[in-house]
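Report on the following structure.
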Amino acid sequence: MPKPLIDAARDLSSRFAGRAAHWDRTRSYPWENVAALQEAGLMGATVPQAYGGRGAGLQDILPVIEEIAKACTLTARIFVEGNMGAISAVMAYGSAVQKARCAALVLAGEKPAICISEPDAGSAASQMTTTARRDGTGYVLNGTKHWITGGGVSKLHLIFARVLSDTGLEQGIGAFIVVCDPSKGEMPEGFKVVGRETTMGLRGMPEATLSFENLRVDAEMALLPAGGFADLMSAYNTQRVGAGAIAMGVAAGATQHAIRYLKERHQFGRPIAEFQGLQWMLADMETGVSAARLLLQDAALSADTFPDPTKAAKAKLFASETAIKVVNDALQMFGARGYSDREPLERMYRDVRMFTIGGGTAQVLRTQIASRALGQKLPQTRDGHMLQAEPLAAE
Ligand code: FAD
Ligand code: COA
């Protein structure tokens, strides 16, 4: 009988917390944590049992994300991407061959890279220009993806591209599974890692630019090549829930640090916990974390079908904005000490800042939520012009 996932995470969390500053300072990838997650059965835990996983649901995974994120944001991202996002898309829409191949990789500890964003198509992801042209027994990919989390260390890539027939007719957006090992220089012809960002937080995680020049992909590795952007984004909602849960976990961790310090630090002859100004800040922090947790649970419960895709958007939006505020307030409670690396708060603050940007910005998520509430497609997410809104077809 395998250990419950949450117990496995608790066993590892103090080890993860102890090395979090090291990965940040050295900007190095935490391979030893990846191995620990894999050994504990935490990578690929959402993979169905038929493919060797534990078939864990998102609601089972949320407390695990929170536990790991309190200790190390970087490791929580690896855990999330080893269980959600790309792997969710393959498990939802892939062929048996694709599922078996990808499941084996994540169960062996792989954190897949999901490749959507491009230099000229970030929020406007549907305007991507990477193409996959049908050619004989496969497809030929050309284009550039940037801000690819894990680019250069991940082996499994899910590359979104505009699919073209052999005569150049557009079929819609599909995705292509490419397996290679850039960290060992084992790359197929036409696939290059061409740059890495220097980031504010989550410094141990490569954010890379990948280029594809006549990269050949076997047809067997094409996912929804007849055009499946809506389905792919629907599967991507799992990663949005995961990202929100990381942000909430970091906020919960920062709150715990703050509570410790409120009792420890004395000014004006008493613990600073006795100052009402800080007590009320703490009350708002606690309330924000609890509210975020509930929204995430609600989104996770509907994860199998996502009848309302805005549940993931609302949960990520609220959790990410709340987390930035909570971590900032926790840092404030430490005074100057919070601004130094003697405490983890300054790292947590830098780490958590990305969650209103990556995986759909706060503005784009608000647009998605408003569009659903109004029952209208809002054209500002289409052509870059504020055109008149078109009514949605009746459901
Ligand atoms: P832009 O789209 O250029 O937006 C600029 C500003 O305009 C933002 O404030 C935005 O909110 C606003 N804006 C844009 N459109 C609208 C609108 N219609 N209405 C109102 N405001 C609008 N991508 C991947 O594919 N894979 C990854 O693994 C990945 N990992 C990432 C990790 C990190 C740490 C970060 C920071 C990004 C990552 N991304 C990844 C890219 C991420 O998804 C994009 O950064 C995001 O979608 C926003 O795109 P952009 O940065 O080009 O901003
Ligand atoms: N969940 C479920 N379905 C979704 C979805 C989501 N999160 N986002 C989009 N869709 C569906 C839409 O319902 C629509 O379906 P339909 O064709 O059946 O009507 C289809 O996908 C296209 O969506 P639409 O909003 O019309 O797309 P758009 O061309 O205006 O593009 C997005 C807007 C989707 C690109 C934008 O809202 C967005 O999410 N940008 C952020 C991209 C991102 O998260 N990148 C992360 C990279 S890691």
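Whatever order the structure lists them in is the order used to number ligands and atoms, beginning at 1.
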Problem - Close side-chain approach of Phe229 to Leu224, heavy-atom, < 4.5 Å - result: no
Given that the side chain starts at C-beta and the backbone is N, CA, C, O, which of these parts of [X] lies under 4.0 Å from ligand 2, counting heavy atoms, or is it both or neither?
{"X": "Gln368", "answer": "side chain"}
{"X": "Thr149", "answer": "neither"}
{"X": "Gln127", "answer": "neither"}
{"X": "Ser123", "answer": "backbone"}

Below 3.5 Å, N or O to N or O, backbone or side chain included: is there any such pair between [X] and ligand 1?
{"X": "Ile148", "answer": "no"}
{"X": "Glu81", "answer": "no"}
{"X": "Gln363", "answer": "yes"}
{"X": "His146", "answer": "no"}

[X] side chain to [Y] side chain, donor-acceptor N/O pair below 3.5 angstrom:
{"X": "Arg162", "Y": "Thr130", "result": "no"}
{"X": "Glu286", "Y": "Thr255", "result": "no"}
{"X": "Thr356", "Y": "Arg353", "result": "yes"}
{"X": "Thr75", "Y": "Asn33", "result": "yes"}

Problem - NZ/NE/NH1/NH2 to OD/OE distance under 4.0 Å, Glu207 and Arg77 - result: yes
Practice task
Flag the pair Lys3 and Asp11 as a salt bridge only when some basic side-chain nitrogen lies within less than 4.0 angstrom of an acidic carboxylate oxygen.
Solution key: yes
Problem - ring pair (Phe, Tyr, Trp, His ring centres under 6.0 Å): pairs with one or both residues in residues 48-96, sequence neighbours excluded - result: none
Practice task
Quick one: which residue pairs count as a ring pair (Phe, Tyr, Trp, His ring centres under 6.0 Å) with a foot in residues 191-212, not counting sequence neighbours?
Solution key: His157-Phe191, Phe191-Phe212
Numbering as shown, the atoms of ligand 2 that approach [X] to under 4.0 Å (heavy-atom distance):
{"X": "Ser234", "answer": "1 (N), 2 (C)"}
{"X": "Lys377", "answer": "19 (O), 26 (O)"}
{"X": "Gly359", "answer": "44 (O), 46 (C)"}
{"X": "Ile116", "answer": "47 (C)"}
{"X": "Ala125", "answer": "35 (C), 42 (C)"}

Practice task
Might you confirm whether atom CD of Glu213 has over 12 heavy atoms from other residues, nucleotides or ligands at distances under 6.0 Å?
Solution key: no
Practice task
Mark yes when over 12 heavy atoms from residues, nucleotides or ligands other than Asp120 sit less than 6.0 Å from its CG; otherwise mark no.
Solution key: no
Exercise for the section: Considering the heavy atoms of Ile357, write down every atom of ligand 1 situated less than 4.0 Å from one of them. Expected result: 46 (C)
Problem - Contact atoms of ligand 1, heavy-atom distance to Thr361 under 4.0 Å - result: 10 (C), 11 (O), 48 (C)
Handout entry: Cationic tip of Arg27 above Trp23 ring, under 6.0 Å, 45° of axis
Key = no
I want to confirm something. Looking only at heavy atoms, which of [options] is nearest to [atom]?
{"atom": "atom 1 (P) of ligand 1", "options": "Ala124, Ser123, Ala125", "answer": "Ser123"}
{"atom": "atom 23 (N) of ligand 1", "options": "Pro112, Gly359, Gly85, Ser117", "answer": "Ser117"}
{"atom": "atom 27 (O) of ligand 2", "options": "Ser117, Gly228, Gly172, Ser126", "answer": "Ser126"}

Fill in the blank from the handout: Logged contact type for Glu207 with ligand 1, heavy-atom cut-off 4.0 Å, is side chain
Exercise for the section: Using a 4.0 Å heavy-atom cut-off, say whether Ile116 meets ligand 1 through its side chain, its backbone, both or neither. Expected result: both
Problem - Heteroatom distance test (Tyr236, ligand 2): nitrogen or oxygen, under 3.5 angstrom - result: no
